[in-house]
Amino acid sequence: MFLVLFFICLQWTPCLFQPTTRTYDFKVQLKNVTKLCNSTTIVTVNGMFPGPTIYAQEGDTIIVKVTNQVAYNITLHWHGVKQMLSCWADGPRFITQCPIQTGQSYTYKFILTGQRGTLWWHAHIEWLRATVNGAMIIYPPTGVPYPFVFPAEEHVLVLGEWWGSNVATLEKSANASGGGPPLSDAYLINGHPGPTHNCSGQDVWTMPVVKGKTYLMRVINAALNIEHFFGVAKHKMTVVAVDAEYTKPYTVDNIIIAPGQTCDILLEAHRGPSRDYYIGISPYMSAKVPVNKKKSYSVLRYHRNSSSLSSSPPVIKAKLPRLNDSAAVLNKMAFMKSLNSQLYPANVPQKVDRNLYFAIELNQEACQKGQTCKAPNNTRFQASINNITFQVPKISLLQAYFNNIKGVYTTDFPDNPPNPFNYTGNSLQNLQSQFGTKVSVLKYNESVQIILQGTNLTSAENHPIHLHGHNFYVVGYGTGNYPGPSNFNLVDPPSRNTIGVPANGWVAIRFIADNPGVWYLHCHLEIHLTWGLSMAFLTLNGNGVNQTLPPPPPGYPKC
Ligand code: C2O
């Protein structure tokens, strides 16, 4: 009902609703599900998988009471929400909060400012986000239309990754082994593997369409460890927004979407009911590591009013790039531009106050006595930024900063790689990293540029790097070592919260440090986060009004 009203408002009337407060009750609880012939107990929110969708309008206040009814510690993160002056609600474990312990609850409260489109939420502690995740949809304020055709209907598509066993146990054994992550059993669309797996004939998500209408697909990659090509057989897709920012519309056969990213797509249902069309996801992995290669499908099904048509018409498969098609990924990056209209200008920082150069490394640590070392040459996998492998502290960085607690972190995260080398060559330098809990301190309102430099250490791999609490402009990218700032797009580059750093390549991002607090930056491939591919920024308060981080909210979890 609410949604219907809301659409009518969006389309025709200047309805005079003010921003509202939307309250949600999230109970973290176990749920037994049967998938691929196997019954598994998973951690969910409110027994739903994927979890409940949060619907809101730009400007709304969101209040989510999270109650932990499972035996695991939990935190939730509102991925992509700017959390202006509400860093306490951001959610990454031991970065902005201590976990919500069994039987406890914590109420997250934040305002959705200056963003519209699709975001999502997920557990931000160990691997629980595999099953604890859901969509967050932010509609424009009442009376403000989309900058694209109003769709007949919209659908959320949450891409996931499925293991038919307990992910917490899997994580423990991966950690103990020192080697790679366990292969998943299937990729999922809205919790369904689609018809092409064992025992999954009925476990299919279907998107009903009517010929001649246009649909909005809100695609979210919630998979733990895999990027995906996504496409619909015999249908083109027009991208209109990514990571809750409008783009200049561009039309393609398929997209690449990394864990953490969202993509809003218009699909014109221009075919007809004599066929079904597969909506396909196909994994992208640039490194030579074992992954589950099996595609998954949903079905795009046209409404039919003639009874002469069979109930399950022949199906057309989606053509998607192959597993390691890094050229296709680079090609897709070129299409993406900010809308940069009068209403939605791209405020790209033209000058840079702080220049950072971050080398992203997959490392191999020497085997210590008593350890199992399943990585190559009897080592253990670790990962690092500028050769620092992030060590998770015992209390949150934000709390330590706010209360001036010493000994939790140091402020010497390096601006540049400590030992520069040929990052994308065959160098074996820096194969081992150093452990540390280091932050990089940013002055309020500083304009920051980071060159995220991929490396060839262990294996050249595309890393989806996510920055909490900000969108950033992706002003440049390329393969090889960063050559310097020629050919930057400072006019209409895309604004994102997660960007895939090309395999053995680089991206340049810019943002303004306009939000006091502690902001996590990490690879959104969960196994790399586990291995320490993260760091945090500490943005200091400004001197003006509304430039100071307020104290923690009531009920802030204790360690
Ligand atoms: Cu979506 Cu730090 O994560």
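Start at 1 and go down the list; that is how both ligands and their atoms are numbered.
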**Report entry** N, O or S of His77 under 2.8 Å from atom 1 (Cu) of ligand 1
**Finding:** no
Counting backbone and side-chain atoms alike, does [X] have an N/O/S atom under 2.8 Å from atom 2 (Cu) of ligand 1?
X      : value
His79  : no
His468 : yes
His466 : no

Query - Identity of the N, O or S atom of His124 lying closest to atom 2 (Cu) of ligand 1 - result: NE2
Query - Minimum-distance N/O/S atom that His122 presents toward atom 1 (Cu) of ligand 1 - result: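 Within His122, restricted to N, O or S, atom 1 (Cu) of ligand 1 is closest to atom NE2.
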Given side chains that start at C-beta, do those of [X] and [Y] come closer than 4.5 Å, heavy atoms only?
X      : Y      : result
Gln83  : Thr96  : no
Trp163 : Trp127 : no
His522 : His466 : yes
Thr67  : Val28  : no

Query raised in the report: So how far is it from Trp88 CH2 to Lys109 NZ, rounded to the nearest 0.5 Å?
Result: 16.0 Å
